[in-house]
Amino acid sequence: MTISAHVDVLEREGRLLAAAAEDVGSGAEVPTCPGWLVRDLLRHTGMVHRWATAFVAEGHTSYHPEGGLPDLDGAALLDWFRDGHQGLVDTLRAAPADVRCWHFLPAPSPLAFWARRQAHETTVHRFDAESARGGTPSGVGEDFAVDGIDELLCGFHARAKSAVRSEKPSTLRIRATDVPGAVWTVRLSAEPPVTVRGDNGDADCELAGPSEQLYFALWNRKPFPVVTGDALLAELWREKSGVT
């Protein structure tokens with residue numbers, strides 16, 4: 001996906017998140033984030049938006065701490081969230097393609113990283129907000145879902161801090177059934193997972209289903225559509241794959 005496509009998704013998803021939060025109220029529970037209320041979701045996502053904006057707008061070339069959570073609630077919190085979200089969208093759209101700043105996953109450029117990361121960050125938390133409201137959640141496109149699965153497997157869980165480990169070497173396959181070629185093979189061991197794109201060799205467990213369902217399942221927001229083989233590996237993913 002292009003940078004502009006990611007920013008378009010970010011803009012849409014942030015607006016949907018705010019609309020769902022406004023509908024349900026800041027004191028509603030968030031079923032997909034046990035222990036969180038909608039106010040926690042708005043504070044967290046709004047903080048991340050401002051944190052990301054600072055890297056691109058101010059050109060920080062090393063890690064820069066986030067600014068903390070606001071002591072706001074209700075309409076004031078929603079206004080704060082919307083302002084920060086739009087500020088991030090505007091910053092990404094205005095930034096030069098060669099902007100230099102810190103980023104924490106491999107990407108074609110820092111701008112490409114931040115546009116992609118914030119599009120997915122906001123989409124997952126939009127799903128959380130809509131889960132608090134109830135009803136049928138908004139959908140995402142197949143290309144975007146596959147892009148998010150790839151970021152999660154080949155980006156987040158390629159890092160040394162990934163906790164998805166197995167003392168017994170095992171292979172987990174992820175297959176999006178509605179997108180030809182959207183398959184990943186994840187080698188699990190006592191070391192960080194190693195993911196390759198493609199259907200490579202035998203697998204001990206396969207997680208399969210439509211790309212959108214699989215995307216939210218891998219982010220632990222939905223159950224896995226289909227689990228074939230060793231279900232303990234699906235449980236391992238559920239227990240250990242949380243991203244911090």
Side-chain angles (χ1 to χ4, degrees), residues 6 9-56 63-92 104-105 114-140 144-145 148 151-152 155-157 159 161-164 212-213 215-223 237-244:
H6 279 127
V9 172
L10 166 63
E11 183 170 40
R12 169 183 177 270
E13 294 291 324
R15 290 177 177 177
L16 288 172
L17 192 164
E22 187 169 32
D23 286 347
V24 75
S26 64
E29 294 183 355
V30 182
T32 48
C33 298
W36 270 24
L37 303 179
V38 167
R39 66 174 60 92
D40 301 307
L41 186 63
L42 288 170
R43 290 168 180 167
H44 166 79
T45 312
M47 173 274 290
V48 171
H49 286 167
R50 283 168 166 77
W51 180 69
T53 298
F55 284 105
V56 179
Y63 176 81
H64 186 73
E66 45 83 7
L69 302 178
D71 185 19
L72 297 172
D73 204 354
L77 178 58
L78 267 168
D79 288 345
W80 176 85
F81 173 84
R82 285 180 165 127
D83 286 348
H85 166 249
Q86 193 60 51
L88 174 59
V89 169
D90 293 345
T91 295
L92 292 172
F104 60 87
L105 296 178
W114 284 111
R116 183 194 204 194
R117 177 81 292 278
Q118 291 310 299
H120 290 293
E121 174 85 11
T122 307
T123 298
V124 170
H125 288 316
R126 180 272 300 165
F127 185 90
D128 294 330
E130 291 186 343
S131 78
R133 184 177 62 187
T136 302
S138 305
V140 300
F144 183 74
E151 184 202 43
L152 183 61
F156 278 107
H157 289 291
R159 300 186 298 171
K161 66 193 299 184
S162 174
V164 183
E212 179 178 338
Q213 294 182 43
Y215 170 67
F216 287 113
L218 288 165
W219 276 106
N220 294 321
R221 263 57 182 190
K222 282 187 172 184
W237 182 272
R238 285 283 187 222
E239 293 172 1
K240 300 294 186 180
S241 67
V243 169
T244 58

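Remember, predicted model here, so these are calculated numbers, not experimental data. Just so you know, residue 1 is the first one in the sequence shown, and it goes up from there.
Among residues at least two apart or in separate chains, ring-ring contact (aromatic ring centres under 6.0 Å, His included) pairs with a member in residues 9-46 are Trp36-His44, His44-His125.
More than 12 non-hydrogen atoms from other residues, nucleotides or ligands lie less than 6.0 angstrom from NZ of Lys222. Counting non-hydrogen atoms of other residues, nucleotides and ligands closer than 6.0 Å to CD of Glu66 gives a total above 12.
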Name each donor-acceptor pair under 3.5 Å that joins a side chain in residues 73-81 to protein atoms two or more places apart or in another chain, with its distance.
unit_1: Asp73; atom_1: OD1; unit_2: Ser26; atom_2: OG; d: 2.6
unit_1: Asp73; atom_1: OD1; unit_2: Arg39; atom_2: NE; d: 3.3
unit_1: Asp73; atom_1: OD2; unit_2: Arg39; atom_2: NE; d: 2.8
unit_1: Asp73; atom_1: OD2; unit_2: Arg39; atom_2: NH2; d: 3.1

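Leu17 is listed as a side-chain neighbour of Leu42, based on a closest heavy-atom distance under 4.5 Å. Counting only heavy atoms from C-beta outward, the side chains of Arg159 and Leu105 approach each other to under 4.5 Å. Proximity of Gln118 to Val48: side-chain heavy atoms (C-beta onward) are separated by under 4.5 Å at one or more points. Put simply, the side chain of Phe144 reaches to within 4.5 Å of the side chain of His6, judged on heavy atoms. The side-chain heavy atoms of Phe216 and Val140, taken from C-beta on, include a pair separated by under 4.5 Å. Residues His120 and Leu152 have side chains not in contact (no heavy-atom distance under 4.5 Å, counting atoms from C-beta outward). Contact of the Arg15 side chain with the Gln86 side chain is registered, since non-hydrogen atoms from C-beta on lie closer than 4.5 Å.
In this structure, Leu16 and Ser138 approach most closely via the heavy-atom pair CD1-OG, 3.7 Å. Across all their heavy atoms, Arg221 and Cys33 have their closest contact at NH2-SG, 3.5 Å. Of all heavy-atom pairs between Arg126 and Pro137, the closest is NH1-CB, 4.1 Å. Shortest non-hydrogen contact noted between His157 and Ser162 is ND1-OG, 2.7 Å. Nearest heavy atoms, Ala115 versus Leu92: CA-CD1, 4.0 Å. Nearest heavy atoms, Ala132 versus Val38: CB-CG2, 3.8 Å.
Side-chain atoms of Asp40 come within 3.5 Å of backbone atoms of Leu37 as a donor-acceptor pair (strictly under, hydrogens ignored).
Checked against side-chain hydrogen bond (donor to acceptor under 3.5 Å, both in side chains), Arg82 has the following partners two or more places apart in sequence or in another chain: Glu22. Partners of Thr32 according to the side-chain hydrogen bond (donor to acceptor under 3.5 Å, both in side chains) rule, which considers only residues two or more places apart in sequence or in another chain, are Asp128, Ser131. Applying the side-chain hydrogen bond (donor to acceptor under 3.5 Å, both in side chains) test to Trp114 and every residue at least two apart in sequence or in another chain returns nothing. Considering only residues two or more places apart in sequence or on other chains, Thr45 meets the side-chain hydrogen bond (donor to acceptor under 3.5 Å, both in side chains) condition with none of them.
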- Query: When you look at Arg50 and Asp83, which way does the side-chain contact (heavy atoms from CB on, under 4.5 Å) test go after all the steps?
  - Reply: CA-CA 10 Å; Arg50 283 168 166 77; Asp83 286 348; 4.1 Å; yes
- Tell me, with the steps shown, if Leu218 and Ser241 meet side-chain contact (heavy atoms from CB on, under 4.5 Å). CA-CA 8 Å; Leu218 288 165; Ser241 67; over 6 Å; no
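In this pair, Trp51 and Phe104 present their aromatic rings tilted. The plane angle is within the 30 to 60° band.
Of the inter-residue distances, the one linking Leu10 atom CG with Arg116 atom CZ reads 14.5 Å to the nearest 0.5 angstrom. Distance check: Thr123 OG1 to Arg12 CZ gives 7.5 Å after rounding to the nearest 0.5 Å.
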